[in-house]
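A short worksheet on the structure shown next.
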There are 2 protein chains.
Amino acid sequence: MNRHQKEKADEASGQGRPTLKTLAFMTGLGVTTVSRALKDAPEIGAETRRRVQLVAKQIGYRPNRAGVRLRTGKTNVISLVLNTEHEIMSFVSDIIYGVSEVIADTPYHLIVTPYSRSQDPLDPIRYLVETGSADGVIISRTQPNDPRARYMLERGIPFATHGRTDMGLIHPYHDFDNYAFAAEAVRHLAGLGRRRLALLAPPVELTYHGHTLAGFADALSEVGASEIPFNTVSIDHSIEQIRMRTAQLMRRENRPDGFISSAAAATLAIVAGIEDAGLKLGRDVDVVSKQSSELLHLFRSELLVVNENFRLAGAELARSVLGWIGGAAPGTLQSLSEPGEVQAYRRPD
Amino acid sequence: MNRHQKEKADEASGQGRPTLKTLAFMTGLGVTTVSRALKDAPEIGAETRRRVQLVAKQIGYRPNRAGVRLRTGKTNVISLVLNTEHEIMSFVSDIIYGVSEVIADTPYHLIVTPYSRSQDPLDPIRYLVETGSADGVIISRTQPNDPRARYMLERGIPFATHGRTDMGLIHPYHDFDNYAFAAEAVRHLAGLGRRRLALLAPPVELTYHGHTLAGFADALSEVGASEIPFNTVSIDHSIEQIRMRTAQLMRRENRPDGFISSAAAATLAIVAGIEDAGLKLGRDVDVVSKQSSELLHLFRSELLVVNENFRLAGAELARSVLGWIGGAAPGTLQSLSEPGEVQAYRRPD
DNA sequence: GTGACAATCTGTAACGTTTCAGTATATAGC
DNA sequence: GCTATATACTGAAACGTTACAGATTGTCAC
């Protein structure tokens, strides 16, 4: 053993975390060979490859993320960009779990990048892209003309949007079919004899506001029902605001006999408003609401619900981003989730 | 300009992301000087320091995380370790926002590390520590004798727990005073004339199960009320299970006239169970519940609530971990959040 | 004028990885 | 027995940062 090799041995036998150098010393190979053997490069002999991989597994070698990232630029990070004011609560936890599920057996980590009201929504995206902090990005609260999607497309960074855009640009997305939801809800209410329907919609700036309104309008004319305008509030407004506006609306002459609500928390407010006005759910008015956890039926058994699965959305979004990173065509990474039927409460046996 | 400098210039003027080399070229200084100037090292002249910092700000220099991490081992990452089955939904979103709030103007990123039922809770912690993936860790679902806390203490990695341990070891934590919560709830119910109280507790393995039980028991004997055992379910059980057990309990001869619930979602199930048994909230039985968002009063106005602020918890936990990383004594980074009063519903004007 | 010393700045090496440009050995063609 | 070629492996360099050990000034005492 010459002096050079002795030095290597001294260093590599240190009991810190194993590195390629450690493996190289243990196998008697060069670091380059070890590196290539671990990623199944063809120019490494089959036996050597097996041997290296065996030793690596035995001593629990894990590539140093900083080393890889510095050398290759690959971060092995997916960033989930969230609005700290307006995201739906169950959305956050479910989508995180959905994403986690998918990236669990990949080298990816999930980082959460928040932004608040005061900031330009583009800020966190710019930060991520400029600092190269993530290989892929997931955004929500998607707008028809979304500067974030445009920006990331320009920079060529893989992303997926929760909700669609409408800019004539192709990118991965996952969306719930809110057109179908609103249309189904209208039909269901019409089937119950309701003819004057109010819609508590998503905020105007989001794409699915348009989808929801379109489904609502189309089905209204299909069944011959009419709309009672209720557009002074959206599901982004506070519980108190929605409650107050609902109560006001329900005290009018021409009050609705049916409500459609795009979010569960808002539905609580609508019901409170209805009851503030002295009216009764199921008798004076029916309410169809989206929900992401099965709690609304406990709240008022008269409520009619349609489930939206955010965990599934998270998983789909993660798959889309990983797919794009992996080289798949963005156009093939789009999915739409169809709503189930409108569900009335069924008493447990 | 000699050949050496020319090469440097060529490289540094490339329009990629600015590095120390870029700054060194622009200021005419060495990379070492620039590096030290940026961190206000005393051996750099005051004017040079200002000059470097000005240029850095102008061109938007941001240190490369991989470079720093590789060289120093510092990741600038805080990891939030979450159970994907049993975490309370609002807990996840609020705690994330609380943490985000605190780390917003630091170089820290937040990564979410999930684990599921099938895994040993120690697994994700071991992964984080062995791979050196985070400078600090936040865990929840803390147990009296918590192997995760013990493990991290042994390895010397800064962490904070949501909830306390009881191992005679000192570490940062943030906790809600569940002893006080349960005791206050009992007193309030006693004040309403309720004398046979049932408690829906946290799962036995968690530390705050003990705190809650102790507060419950102490206040029971203080006010001379008695316990109706209800320990076949915990707040970790499914909505259906809790509902069924509650209904069973309420159909017994010696049924409770008061409930205390440690979680809002479970309270929905309790109320459903009460009503399944044909009884009425506020008349036959009163329920005091913790909640983390102000929704229970919309659900049933007769409910009595105590608020627990998870966003605050997230912020406190983040402050604790950062404090420990920053060298503060772990014993000084512990905090307990006192519950507010039990609140009855007040009709909005 | 010399030496000592502080003040300010600099080059080199290293963290762990991958890529580039090889080198050494064996096999085959003729 | 010679070159050509494929196979299996290797060292050096680089990614951006910081720590270490100098190097270059200027100032001051004597």
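Here the structure is a predicted model, which means the values were calculated and not measured. In the text below, chain A, chain B and the rest are named by the order of the sequence lines, each starting its count at 1.
- Taking the charged nitrogens against the carboxylate oxygens, A:Arg141 and A:Glu87 have no contact shorter than 4.0 Å, which rules out a salt bridge.
- Counting only residues at least two apart or in different chains, side-chain hydrogen bond (donor to acceptor under 3.5 Å, both in side chains) contacts with residues 118-132 of chain B comprise A:His109-B:Tyr127, B:Ser116-B:Ser118, B:Asp123-B:Arg126, B:Thr131-B:Ser133.
- Here the straight-line distance linking atom OG1 of B:Thr161 with atom OH of B:Tyr173 works out to 8.5 Å at 0.5 Å rounding.
- Counting only residues at least two apart or in different chains, side-chain hydrogen bond (donor to acceptor under 3.5 Å, both in side chains) contacts with residues 41-55 of chain A comprise A:Arg36-A:Glu43, A:Asp40-A:Gln53.
- Considering A:Leu29, A:Leu20, A:Ile44 in turn, A:Leu29 is the only one that fulfils the side chain to side chain contact (heavy atoms under 4.5 Å, CB included) rule with A:Val52.
- Among residues two or more places apart in sequence or in another chain, the ring pair (Phe, Tyr, Trp, His ring centres under 6.0 Å) test is passed with B:Tyr108 by none.
- Between A:Arg17 atom CZ and C:dT17 atom C1' the separation is 12 Å, expressed in whole Å.
- Axis angle, first five pairs versus last five pairs of the helix from C:dG1-D:dC30 to C:dC30-D:dG1: 60°, rounded to 10°.
- Distance B:Lys74 NZ to D:dA19 P: 12 Å, rounded to the nearest Å.
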Distances under 3.5 Å only, N/O to N/O: pair up the protein atoms with those of nucleotides 18-20 of chain C.
{"unit_1": "C:dT18", "atom_1": "OP1", "unit_2": "A:Lys39", "atom_2": "NZ", "d": "2.7"}
{"unit_1": "C:dT18", "atom_1": "OP2", "unit_2": "A:Ser35", "atom_2": "OG", "d": "2.8"}
{"unit_1": "C:dT18", "atom_1": "OP2", "unit_2": "A:Lys39", "atom_2": "NZ", "d": "3.3"}
{"unit_1": "C:dT18", "atom_1": "O2", "unit_2": "A:Arg71", "atom_2": "NH1", "d": "2.1"}
{"unit_1": "C:dT19", "atom_1": "O4'", "unit_2": "A:Arg71", "atom_2": "NH2", "d": "3.2"}
{"unit_1": "C:dT19", "atom_1": "O4", "unit_2": "A:Thr32", "atom_2": "OG1", "d": "3.4"}

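- Here the P atom of nucleotide C:dT17 and the CG atom of A:Leu38 are 9 Å apart, to the nearest Å.
- Within 6.0 Å of the CG atom in A:Leu169, the count of heavy atoms belonging to other residues, nucleotides or ligands exceeds 12.
- For the pair B:Asn76 CG and D:dG16 P, the interatomic distance rounds to 18 Å; values are reported in whole Å.
- Residue B:Ala46 is the one, among A:Leu70 and B:Ala46, whose nearest nucleotide of DNA chain C lies closer to the 5' end (criterion: closest heavy atom).
- When the C1' atom of C:dG11 is taken as reference, atom NZ of B:Lys21 falls 14 Å away, rounded to whole Å.
- With distances taken from any side-chain atom of B:Asn64 to the nucleotides C:dC15, C:dT10, D:dG16, the minimum falls on D:dG16.
- B:Thr33 comes within 4.0 angstrom of a base, heavy atoms only.
- Between the CZ atom of A:Arg51 and the P atom of D:dA8 there is a distance of 14 Å, given to the nearest Å.
- Atoms CZ (B:Arg69) and C1' (C:dT17) sit 13 Å apart, rounded to a whole Å.
- A:His174 pairs by the ring pair (Phe, Tyr, Trp, His ring centres under 6.0 Å) definition with nothing, not counting sequence neighbours.
- For B:Thr48 and C:dC9, the shortest distance from a side-chain N or O to OP1 or OP2 is below 4.0 Å.
- For the atom pair B:Leu80 CG and B:Ile139 CD1, the distance stands at 10.5 Å (nearest 0.5 Å).
- Rounded to whole Å, the distance from CG on A:Asp40 to P on D:dA8 is 14 Å.
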